[in-house]
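To start, the structure itself, in structure tokens.
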Protein chains: 2
Amino acid sequence: MVQLKSRVSPLFLREEELRQAMELLFYAYRDFTAEPDSILAKYGFGRAHHRVIYFVGRKPGTTVGELLRILKITKQSLSRVLGQLVREGFVTQESDPRDRRRRRLRLTEKGAELERLLTESQCRLVASAYREAGAQAVEGFRTVLLGLINEEDRGAIVDAEPTGN
Amino acid sequence: MVQLKSRVSPLFLREEELRQAMELLFYAYRDFTAEPDSILAKYGFGRAHHRVIYFVGRKPGTTVGELLRILKITKQSLSRVLGQLVREGFVTQESDPRDRRRRRLRLTEKGAELERLLTESQCRLVASAYREAGAQAVEGFRTVLLGLINEEDRGAIVDAEPTGN
DNA sequence: CAATTTAAGTCAGTAATGTTGACATATATG
DNA sequence: CATATATGTCAACATTACTGACTTAAATTG
């Protein structure tokens, strides 16, 4: 089969390989978000809330502008979701003392709890895939995904060291 | 730094590693869908249309039920998008002669053209990431992503051989 | 200091994508 | 014939995103 196909079209395997990558990304993302989505639904939240909770938890003190650059959505879209999270006591805002235009965002204890719930769920999935795949595969996974990401953002991910403020 | 942190919490690197995976998936998916999204916008379509066009193009003769299992959305959600694609001449439906309840879906030439446009865009991105990463990394990428996917669906991706009907 | 830029927020309208629930039709199968 | 299956449809609604126009407060710059 494979021999026949590659004789007919030498590009077949290559295209097949690339299409497989696309499908893997689709299915993986679909399943990667399924459990968090169902947890969030219990809180009346959606995937957008998850992203805010995740990135604020990941880097406490993030500003609104930073979130906008990460999420690549409009200020108005973020505002709705962030406003809900603040009103419902999952996230706090406080002016940065050095530049009081900036609002530093942080999770409340309630917010941190939800963040843990969501992250633990995804950690289990990723940890299991990592274990099954092995360290070398994990390295390849990271390399390829990094290559899919906009160059400007690559640094932010690799460097990411939670500074604690 | 790393030494200090891993002394403080031996689980630090592990959790850090898992969080990095989550972020890689988020950023990669964000950037992976960006270009198709902007192409689709010119046609008045969105990501949902892309998925239908992609999977119908990938496996001509797919039925509605099969699409529903792949996309994991409701019949009503699919119907809206699929209906548009049929009405606007991107997809055709014809009853399966053996089981005339089933509608076999296929791309029209117009649909195939759009599919190529979208897939080529993503192919370029994936091919570039694959080239930079190397064959071994690609293998790891596939292994890990496969591990993130629901077991039931894993087979479908690996086996996937377009039968041409 | 005055003018400008930056960070954030707000109001209004619109669109895409998804959901539930109820029901209809055609076809296949036991 | 009764039932199950595949598909389609109507209606109402929620979430997430968008554009455009404007405001406020604070920092920066000439």
Side-chain angles (χ1 to χ4, degrees), chain A residues 26 29-30 33-34 36-56 61-88 91-106, chain B residues 26 29-30 33-34 36-56 61-88 91-106:
Chain A
F26 166 74
Y29 203 76
R30 183 197 67 177
T33 49
D37 281 354
S38 89
I39 295 171
L40 289 154
K42 294 174 196 157
Y43 289 77
F45 292 151
R47 208 174 285 181
H49 301 86
H50 186 183
R51 295 196 278 252
V52 172
I53 287 177
Y54 179 83
F55 284 107
V56 171
T62 310
T63 63
V64 171
E66 261 178 280
L67 271 184
L68 290 177
R69 278 187 292 278
I70 290 171
L71 304 177
K72 287 197 180 163
I73 57 174
T74 58
K75 190 175 43 165
Q76 295 93 321
S77 292
L78 175 58
S79 176
R80 194 190 323 105
V81 170
L82 181 56
Q84 276 177 275
L85 291 170
V86 170
R87 274 195 304 281
E88 300 185 27
V91 171
T92 60
Q93 292 172 310
E94 38 177 306
S95 291
D96 180 329
R98 296 195 201 172
D99 182 343
R100 289 167 47 223
R101 292 171 306 179
R102 293 194 178 157
R103 303 294 167 82
R104 296 292 181 176
L105 305 173
R106 283 180 179 79
Chain B
F26 166 74
Y29 203 77
R30 184 197 66 177
T33 50
D37 281 354
S38 89
I39 295 171
L40 289 155
K42 295 174 194 157
Y43 290 75
F45 292 151
R47 209 174 285 181
H49 301 85
H50 186 184
R51 295 195 278 252
V52 172
I53 287 177
Y54 179 83
F55 284 108
V56 171
T62 310
T63 63
V64 171
E66 261 178 278
L67 272 184
L68 290 177
R69 279 187 291 278
I70 290 171
L71 303 177
K72 288 197 182 164
I73 58 175
T74 60
K75 190 175 45 166
Q76 296 91 322
S77 291
L78 175 57
S79 176
R80 195 191 315 110
V81 170
L82 181 56
Q84 276 177 276
L85 290 170
V86 170
R87 275 195 305 279
E88 299 186 26
V91 171
T92 61
Q93 293 173 309
E94 37 178 307
S95 291
D96 180 331
R98 297 196 200 169
D99 182 343
R100 287 168 49 226
R101 292 171 304 178
R102 292 193 179 161
R103 303 294 167 82
R104 295 293 180 176
L105 305 172
R106 282 179 181 79

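The structure displayed is predicted, hence computed values, not measured ones. In the text below, chain A, chain B and the rest are named by the order of the sequence lines, each starting its count at 1.
Bounding nucleotides for the chain B contact on DNA chain D, 5' to 3', at a heavy-atom distance below 4.0 Å, are D/dT5 to D/dC10.
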Discussion item. Could you walk me through whether A/Phe55 and B/Phe26 satisfy the side chain to side chain contact (heavy atoms under 4.5 Å, CB included) test, starting with their C-alpha distance in whole Å, then the side-chain angles of each, then the deciding distance to 0.1 Å, before giving a yes or no?
Written reply: CA-CA 11 Å; A/Phe55 284 107; B/Phe26 166 74; 3.6 Å; yes

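Paired with A/Glu94 under the rule salt bridge (Lys or Arg N to Asp or Glu O under 4.0 Å), one option of A/Arg104, A/Arg106, A/Arg103 passes, and it is A/Arg106.
Following rounding to the nearest Å, B/Leu68 (CG) and C/dT20 (P) show an atom-to-atom distance of 13 Å. The separation between A/Glu66 atom CD and C/dA7 atom P is 11 Å, rounded to whole Å. Rounding to whole angstrom units, CG of residue A/Leu105 and C1' of C/dA7 are separated by 12 Å. Between the CZ atom of A/Arg98 and the C1' atom of C/dA7 there is a distance of 17 Å, given to the nearest Å.
Applying the side chain to side chain contact (heavy atoms under 4.5 Å, CB included) rule to A/Leu82 yields the partners A/Val52, A/Val64, A/Leu78, A/Val86, A/Val91, A/Gln93, A/Leu105; only residues at least two apart in sequence or on another chain are considered. For B/Arg101, the side-chain hydrogen bond (donor to acceptor under 3.5 Å, both in side chains) test picks out B/Asp99, with sequence neighbours left out. When the side chain to side chain contact (heavy atoms under 4.5 Å, CB included) test is applied to B/Ser79, no partner is found at least two apart in sequence or on another chain.
B/Gln93 comes within 4.0 angstrom of the backbone, heavy atoms only, and of no base. Counting non-hydrogen atoms under 4.0 angstrom, B/Ser95 reaches nothing in the nucleic acid.
Taking all atoms of both residues into account, the shortest heavy-atom contact from A/Tyr43 to A/Ile39 is CD1-O, 3.4 Å. When all heavy atoms are compared, the tightest approach of B/Arg100 to B/Ser95 is O-OG, 3.6 Å. Between B/Leu40 and B/Gly46, the closest heavy-atom pair is CD1-O, 3.4 Å.
A distance of 8.0 Å separates OG1 of B/Thr74 from CZ of B/Arg80, quoted to the nearest 0.5 Å. Atom-to-atom distance recorded for B/Gln76:CD and B/Leu68:CG is 9.0 Å, nearest 0.5 angstrom.
Under the 3.5 Å distance criterion, the side-chain polar atoms of B/Arg30 are matched with a main-chain donor or acceptor of A/Ile70.
Residues from residues 72-84 of chain B with heavy atoms under 4.0 angstrom of DNA chain C, sorted by number: B/Lys72, B/Ile73, B/Thr74, B/Gln76, B/Ser77, B/Arg80. For residues 36-51 of chain B, proximity to DNA chain C is found at B/Gly44, B/Gly46, B/Arg47, B/Ala48, B/His49, B/Arg51, defined as any non-hydrogen atom under 4.0 angstrom from a strand atom.
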